[in-house]
Amino acid sequence: MLDLRLIRNEPDLVRAGLARRGEDTSVLDEVIALDAEHRSLTARRDGLRAEIRTISNQVGALHREQRADEAGALQEASRALGAEEKELDALSDALQDEITQRLLRLPNLPAAECPDGDGEADNVVVRVEGPAPDSYQPYQRVPHWEIAEQLGILDVERAVKLSGSMFVMYRGAGARLVRALCQLAIDRNVDLYEEIRPPTLVRTDTMVSTGHLPKFVDEAYHMERDDLWAIPTAEVPLTSLGRDEIAAAPDLPRRFVAHTSCFRREAGSAGKDTRGLLRVHEFDKVEILAYCTPDQAADLHAEILHRAESIIAELGFTYRLLDLCTGDIGNSAARTFDIEVYAPGADQWLEVSSVSWFSDYQARRANLRYRPEDGTGTAVLHTLNGSALAVPRVWAALVEVYRQPDGTVAVPELLQPYFRGQTTIG
RNA sequence: GGAGGGAUGGCAGAGCGGACGAAUGCGACGGUCUUGAAAACCGUUGGGCCUUCACGGGUCCCGGGGGUUCGAAUCCCCCUCCCUCCGCCA
């Protein structure tokens, strides 16, 4: 959520930021007008309340002095003011709702450094690392869904029987590979990041805090009977972990790592990436996330990015780092770097991690605050996060890259500790 | 699922229609004393919104929402959450 005071005091700055995203800024003018009206109403309402309080205190004093019979006129006057106060209060509440509804749907302002652009095509490739994409051998040019079928490590057909299309089931060494990847990602981050195992079903407020609701309802699984939402990422529960709390400055930054299942309806992408593991409704992901002061945000963004990148690099992948443009960053983000791994079999770059800085956008929604070092008042935190490892696409790229001439898949060195001596799959 | 009990400041815990944003204790912070520390004593100690260049002023918040009243932490209604017992269950 954007700061209403910023909208009020620097409307042009906010308008310019939203325009960089290609966002319609007329909502902003509505908000500004509603806010002005709201403030003048509440000022009048508060004035009435002050009068009512004064009168009531006078009535109370008369009662104490056994002069209750003199209170009638005062009570009458107060009653009249009360009626008016009630009316203004209702109007004020309605306006507040109108404002909040609009604010909740406005996206974050992009960071100054965020490259301008209209969409995916304008993202900036920061660097490309690892073996050249054209250096892969013919035996690596087999799509993972074919490799997986040959080796019996993925059972899409039966997953569809159980749950429908775009659900998958890993078997045998395939399942073990899922577990190994997750454990690797956790183990590499628990040095600094507190390991959390959060709930995967959450309340509406929790989904609103990260920006996944109300705007993206169609993307989320909802359990109507209990009014709970299945999380699309551990970012959701982790961001609400400190909700409505005030952190002490010396405790910052706070860092968390969590492995969870993630659930996505993928409503807008019917018929897209239907083969294999490129797009599924349920998957495992290890997420790292931090709360910090605005001053700490830049360093943490670099730190999280480095952690996400190094695991991909050390797994031996060809990957590229993208600086997402204003037209492609997520709704809640101010700046995002994507890591894309090259999958030689599918011959595609697969997005395996998104490392984002949300400035105070999510923190304001979640009411995440801290007490600054100088001890005066409270200030809104910043949040950042990134996928330490998202299973399906890494799994897919891995079986393609590590496929050997005999059709088996080698277990990367980094993962061997989790395979109890097993060095090949197949 | 059934039956009871509860929700007040960082914590503990009073208040049960008027002077209550809220006693008291603990904790924390500042000070006096001390070579230093402890003890003792004194003081400070929530948050939101609006307004003000500022000092300040106004208003709201005692789990959440509604109601009664001139006036609600206190009375009434609804909801949520927590605890205890019973049932069920991994």
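Chain naming here is simple, since letters A, B, ... match the order of the sequence lines and numbering starts at 1 in each. Since the model is a prediction, treat every value here as computed from it, not as a measurement.
- Straight-line distance from the CG atom of A/L74 to the P atom of B/G71: 13 Å, rounded to whole Å.
- Nucleotides B/C77 and B/U24 place their C1' atoms 34 Å apart, quoted to the nearest Å.
- Here B/C81 presents its C1' atom at 15 Å from CG of A/D226, a figure rounded to the nearest Å.
- Out of B/G46, B/G18, B/C50, the shortest distance to the side chain of A/R8 is found at B/C50.
- In summary, of the residues considered (A/L384, A/T239, A/I304), a side chain to side chain contact (heavy atoms under 4.5 Å, CB included) with A/L289 occurs for A/T239 alone.
- The side chain to side chain contact (heavy atoms under 4.5 Å, CB included) test with A/E351 is passed by exactly one of A/V341, A/L278, A/D338: A/D338.
- Summarising the geometry of A/R20 relative to A/A111, their closest heavy-atom pair is NH1-O, 3.2 Å, with the distance given to 0.1 Å.
- An OP1 or OP2 oxygen of B/U51 is reached within less than 4.0 angstrom by a side-chain nitrogen or oxygen of A/R39.
- Nearest-nucleotide mapping onto RNA chain B: of A/R369 and A/R203, the residue sitting toward the 5' end is A/R369.
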Going through the checks in order, is the salt bridge (charged side-chain N to carboxylate O under 4.0 Å, His left out) test met by A/D89 and A/K86? CA-CA 5 Å; A/D89 193 39; A/K86 205 169 171 180; over 6 Å; no
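- Neither OP1 nor OP2 of B/C50 sits under 4.0 Å from any side-chain N or O of A/S40.
- Here the options are A/E303, A/E194, A/E195, the test is salt bridge (Lys or Arg N to Asp or Glu O under 4.0 Å), and the partner is A/R255; only A/E303 passes.
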A/E287 and A/K285: salt bridge (charged side-chain N to carboxylate O under 4.0 Å, His left out), yes or no, with the steps? CA-CA 6 Å; A/E287 185 81 1; A/K285 181 162 65 65; 2.6 Å; yes
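- Contact annotation: A/R364 side-chain N/O to B/G48 OP1/OP2 distance is not under 4.0 Å.
- Atom pair A/D244:CG and B/G63:C1' shows a separation of 12 Å (rounding to whole Å applied).
- Atom CG of A/N9 is separated from atom P of B/U52 by 11 Å (rounded to the nearest Å).
- Atom pair A/D35:CG and B/U51:P shows a separation of 9 Å (rounding to whole Å applied).
- For A/D205 and B/C81, the CG to P distance is 12 Å, given to the nearest whole Å.
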Produce the list of close N/O pairs, under 3.5 Å, pairing protein atoms with atoms of nucleotides 59-61 of chain B; give distances to one decimal.
{"residue": "B/U59", "atom": "O2'", "partner": "A/D46", "partner atom": "OD1", "Å": "3.1"}
{"residue": "B/U59", "atom": "O2'", "partner": "A/R49", "partner atom": "NH1", "Å": "3.3"}
{"residue": "B/C60", "atom": "OP2", "partner": "A/R53", "partner atom": "NH1", "Å": "3.0"}

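- Going from the P atom of B/A37 to that of B/A28 covers 15 Å, rounded to whole Å.
- Between A/Y221 and A/F263, the ring-plane angle classifies as perpendicular under the 30° and 60° cut-offs.
- For the pair A/H63 NE2 and B/G17 P, the interatomic distance rounds to 15 Å; values are reported in whole Å.
- Remark: B/A40 base-pairs with B/U32; criterion is Watson-Crick or G-U wobble with both hydrogen-bond distances under 3.5 Å.
- Under the 90° criterion around 0 for the glycosidic angle, B/C55 counts as syn.
- Nearest-nucleotide assignment on RNA chain B puts the 5′-proximal partner with A/G60, out of A/G60 and A/S78.
- Between the CG atom of A/L34 and the P atom of B/C49 there is a distance of 19 Å, rounded to whole Å.
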